[in-house]
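Reminder, nothing fancy here: chain letters follow the sequence lines and each chain counts from 1.
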2 protein chains.
Amino acid sequence: MNRPESEGRDLYAIADLAEEFGISTRAIRFYESKGLLTPERVGTTRVFRRRDRARLILILRGKRLGFSLRDISDYLSLYDAHSQVKQTRMLVAKVEERLTLLEAQKADLETTIGELKDIKKLAEEQVGVGS
Amino acid sequence: MNRPESEGRDLYAIADLAEEFGISTRAIRFYESKGLLTPERVGTTRVFRRRDRARLILILRGKRLGFSLRDISDYLSLYDAHSQVKQTRMLVAKVEERLTLLEAQKADLETTIGELKDIKKLAEEQVGVGS
DNA sequence: TCGTGAGTTGACGTATACGTCAACCATTCC
DNA sequence: GGAATGGTTGACGTATACGTCAACTCACGA
């Protein structure tokens with residue numbers, strides 16, 4: 001069910017990921033120092049795999065949403081637990097908590113978007129839309 | 001069309017607002033120092049009106065959404081421009097820019113919410129939902 | 001008149017999230 | 001073998017968003 005031969009074929013250098021996601025290598029090292037990433041080492045050099053890359057995507061999305069690295073760390077552990085499927089009750093509670101937060105955030109966002117659309121409409125009427 | 005008599009009837013002390021919104025008076029003073037609020041003064045004491053209270057609500061919502069005070073400041077100026085209705089073309093552009101940002105954020109949020117719901121579902125199946 | 005409570009202004013401290021810089025390997029290419 | 005290239009670790013600096021604290025003012029009531 002596992003394919004050891006296909007493993008070890010997805011290796012990224014720190015600079016690869018930095019460039020791909022438009023962040024600094026220093027930032028990536030910082031995330032590692034906070035335990036959000038756990039790349040392997042070849043000697044002293046970091047080697048990242050698909051898992052790390054996926055986590056990095058989650059990290060950056062979390063940041064775009066305004067979460068702290070601490071929040072994101074918790075969030076990532078939900079994913080880990082997800083694949084490990086242990087302490088499942090705790091997990092459900094945590095997920096629900098997070099969902100409540102996010103749904104509230106979504107409501108805030110929708111309110112804000114609505115208000116801005118109103119402003120835009122009024123402003124456009126003021127000018128004459130097509131002019 | 002304006003009712004001067006009904007004005008000046010909505011006065012809040014700094015502590016009123018702090019308590020109402022569960023923040024510190026220091027925070028409110030900080031927002032003022034950053035130009036986000038402009039309460040009047042009676043002697044040295046700050047006096048807030050409905051306008052300030054409304055702005056504070058926008059500030060706190062912005063913060064919940066993960067925006068910096070700098071962002072929120074820009075955002076508030078959209079509202080100001082909105083009521084003043086000047087520089088209208090600039091305003092439309094700014095609003096559109098902000099809307100693009102927020103729509104992207106909303107997409108991020110919906111993705112995240114979706115993922116968490118998946119995790120929750122899997123976890124619940126693992127346990128047996130009603131148990 | 002004294003003190004008590006509420007408000008005010010700096011000044012300083014703190015946590016987060018990095019950027020910058022120096023000094024140091026390790027490879028590789030000529 | 002020397003230089004360039006890319007990677008590594010501290011150490012230090014910076015911006016944001018406040019909290020904490022000291023020292024002061026002012027109004028009010030016993």
Side-chain angles (χ1 to χ4, degrees), chain A residues 8 10-49 52-53 55-77 98 101 105 108, chain B residues 10-49 52-53 55-77 98 101 105 108 112:
Chain A
D10 57 318
L11 304 180
Y12 306 91
I14 190 169
D16 297 341
L17 295 181
E19 193 187 355
E20 177 175 0
F21 297 110
I23 59 180
S24 71
T25 60
R26 189 67 184 77
I28 293 177
R29 278 192 282 270
F30 183 70
Y31 299 151
E32 181 189 356
S33 78
K34 293 295 170 181
L36 303 189
L37 296 173
T38 51
E40 292 166 55
R41 298 288 181 133
V42 174
T44 66
T45 301
R46 274 164 258 253
V47 175
F48 299 80
R49 301 198 177 227
D52 299 301
R53 189 172 166 283
R55 288 174 74 91
L56 187 51
I57 291 173
L58 290 178
I59 291 168
L60 297 178
R61 200 172 70 201
K63 281 173 58 59
R64 283 200 304 277
L65 291 176
F67 290 110
S68 70
L69 291 192
R70 185 76 174 80
D71 290 337
I72 294 169
S73 177
D74 296 348
Y75 187 61
L76 288 175
S77 71
R98 181 73 57 169
L101 231 159
Q105 189 163 339
D108 274 349
Chain B
D10 56 317
L11 304 181
Y12 305 91
I14 190 169
D16 297 341
L17 295 182
E19 192 187 355
E20 176 174 0
F21 297 111
I23 58 180
S24 69
T25 60
R26 190 67 185 80
I28 293 177
R29 279 192 282 269
F30 184 71
Y31 300 152
E32 181 189 356
S33 78
K34 293 296 171 181
L36 303 190
L37 296 173
T38 51
E40 293 165 55
R41 297 290 181 132
V42 174
T44 66
T45 300
R46 275 162 258 253
V47 175
F48 298 81
R49 301 199 175 226
D52 300 301
R53 189 171 165 284
R55 289 174 74 90
L56 187 51
I57 290 172
L58 290 178
I59 292 168
L60 297 178
R61 199 172 71 200
K63 281 173 57 59
R64 283 201 303 277
L65 290 175
F67 290 110
S68 70
L69 291 191
R70 184 79 174 79
D71 290 338
I72 294 169
S73 177
D74 296 350
Y75 187 60
L76 288 175
S77 71
R98 180 73 57 168
L101 232 159
Q105 189 164 338
D108 273 349
T112 305

Nucleotide C/dG7, atom C1' - distance to CD1 of B/I28 in whole Å: 13 Å
Distance in angstrom units between A/F30 CZ and C/dT16 C1', rounded: 7 Å
Selected nucleotide, minimal atom distance to B/T45 side chain, candidates C/dT8, C/dC18, D/dT20: C/dT8
Sugar-phosphate, base or nothing in reach of B/K34, heavy atoms under 4.0 Å: nothing
Sugar-phosphate only, base, or nothing, as touched by A/S24 at under 4.0 Å among non-hydrogen atoms: sugar-phosphate
A/R29 side-chain N/O to D/dT8 phosphate OP1/OP2 under 4.0 Å: yes
Presence of A/Y31 side-chain N/O under 4.0 Å of C/dA17 phosphate oxygens OP1/OP2: no
Could you go over nucleotides 22-24 of chain D and give all protein N or O partners under 3.5 Å, atom names and distances?
none

side-chain N/O A/R46 vs D/dG7 OP1/OP2, d < 4.0 Å: no
Side-chain N,O (B/R41) to OP1/OP2 (C/dT9) below 4.0 Å: yes
B/F48 CZ to C/dA6 P, straight-line distance once rounded to whole Å: 17 Å
Inter-residue atom distance A/L101.CG - B/T112.OG1, 0.5 Å rounding: 12.0 Å
Pair B/R29-B/S33, side-chain donor/acceptor within less than 3.5 Å: no
Nearest-angstrom distance from the residue atom CZ of A/R26 to P of C/dA22: 15 Å
